[in-house]
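Step one of this worksheet: look at the structure below.
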Amino acid sequence: MKEKGLLIKNAAELVTCSGFKAKSGAEMSDLKVIKNGAVIIEEGIIKVVGTTAELLQQYKEEDYTVVDATNKAVLPGFIDSHTHFVFGGYRAEEFSWRLKGEGYMEIMKRGGGIISSVRATKEATKAELVAAGLKRLDTMLSFGVTTVEGKSGYGLDYDTELKQLEAMKEIADIHPMDVVTTFLGAHAVPQDYKGKEDEFIDYMIEEVLPAVADKKLAEFCDIFCEKNVFSVAQSRRLLTKAKELGMKLKLHADEIVQLGGAELAAELKAISADHLLQASDAGIAAMAEKGVVATLLPATAFSLKEEFARGRYMIDQGCAVALATDLNPGSCFTMSVPLVFALATLYMKLTPEEAITAFTVNAAAAVDRAHEVGSIDVGKQGDIVMLEFPSYNFIPYHIGVSTVEKVIKRGKIVFDKEKGGSLC
Ligand code: NIG
Ligand code: FE
């Protein structure tokens, strides 16, 4: 027998975020809200969207599993488009050093930081990485995340990079969340390549990247383009090769130092450039012109006690801005979507509407999925979040606390606060 579809009715606000590509500049303010809205999902796909009155004229409630959203806001599932959620070990001690005044890059220079997560990830078995990753995704799901991007980059060698990516593929087969994988083999310079960064890039280009592409383990290639890590020229070399192999591009750009990462992202027509705390005016203008999504990670700036990226300025300059958590074991150990909303609105001066666009359709665009997810539009996946409150304005207002009551993935309820949490 055909499974019943899902009908969500009486939503105080159906925040559709309607659109199939990134929204830039002033377009980010229009959430296309339907008051007293309803939506029907069949076989995982959104079939009908409108007011409750319109839908109930044409469709019979008894044919559906019904979710009554009276006094609740309903939004597209959030997309966390920049995370490093698969890693071995933890760096709590390093965090305490940072609290006592040591700098993130200082710790990295003396073999800590990313390199210490590399050691722990090498030691972990794939099964251990899968188990830890699954738990983290459960937490993210409770915050309303229905699609996540995950990066490798805690291997820096053939075996461990592939192990990390394979772990993410296994996780994707088990967990209801969609997982988009990114190869970040050039995330740090391993100890034995110090001063020989070009040779390391050669190794990545000749040995690791082709295997990743051949085994279809990653859709994106990313690099940490930063002073004392990889230069603009080295980044260009690796990313150009990745593009030739059919991969899409992302960059960790202009995070600590203004290096020209934003300009490089525009030159290479990357899908997104991320962090951008120090991005130049020219880099921002170039990204706006070439349609590169500016993915901002305010929880990282917060955790590193750095100035926030110029989110307001970027939107005013016509950029498409996305928001993400950057969950990772070092610079930013959080999966908290509500914290990111709070920081983006309070400190980067995004309006609630812009922040929601940034976590939905623009985040979908940042993982090249805006045709499939990120809005409540007919034909897209039935990925939905229902809040405990009647308006999307409660998201930034309820600081650092989740307002999510239910999460629906492909038309199935996978998280329900009223039933004690995760149902998957
Ligand atoms: O996005 N900046 C580089 N990479 C990560 C941090 C990774 C780590 O510290 O483990 C980031 O912030
Ligand atoms: Fe990152």
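Just so you know, ligand 1 is whichever comes first in the structure, and atom 1 is the first atom listed for that ligand. Sequence positions, counted from 1, serve as the residue numbers for this chain.
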**OP:** To the nearest 10 degrees, could you say what angle the Fe ion (ligand 2) makes with NE2 of H82 and OD1 of D326?
**Re:** 80°
Original post:
Hey, what's the ring geometry for F230 with F200, parallel, tilted or perpendicular (30° and 60° as the breaks)?
Top reply: parallel
**OP:** Mind telling me whether F389 and H398 have parallel, tilted or perpendicular rings, with 30° and 60° as the class edges?
**Re:** perpendicular
Original post:
Do R369 and T147 get their side chains close enough for a donor-acceptor pair, meaning under 3.5 Å?
Top reply: no
Residues 104-113, side-chain donor-acceptor partners within the protein, below 3.5 Å, at least two apart:
unit_1 : atom_1 : unit_2 : atom_2 : d
E106   : OE1    : G103   : N      : 3.0
R110   : NE     : E102   : OE2    : 3.1
R110   : NH2    : E102   : OE1    : 3.1
R110   : NH2    : E102   : OE2    : 2.8

**OP:** Below 4.0 Å from any atom of ligand 1, which residues have a heavy atom? Give them in chain and number order, please.
**Re:** H82, H84, R91, Y104, I114, Y154, H187, F224, H252, E255, H275, T300, D326, N328, G330, S331
Original post:
Any sub-3.5 Å donor-acceptor pair from E128's side-chain atoms to T125's backbone N or O?
Top reply: yes
**OP:** Report yes or no: do T357 and N362 form a side-chain donor-acceptor pair below 3.5 Å?
**Re:** no
Original post:
Are any N, O or S atoms from H275 nearer to the Fe ion (ligand 2) than 2.8 Å?
Top reply: no
Original post:
Side chains of T146 and D178: closer than 4.5 Å at any heavy-atom pair?
Top reply: no
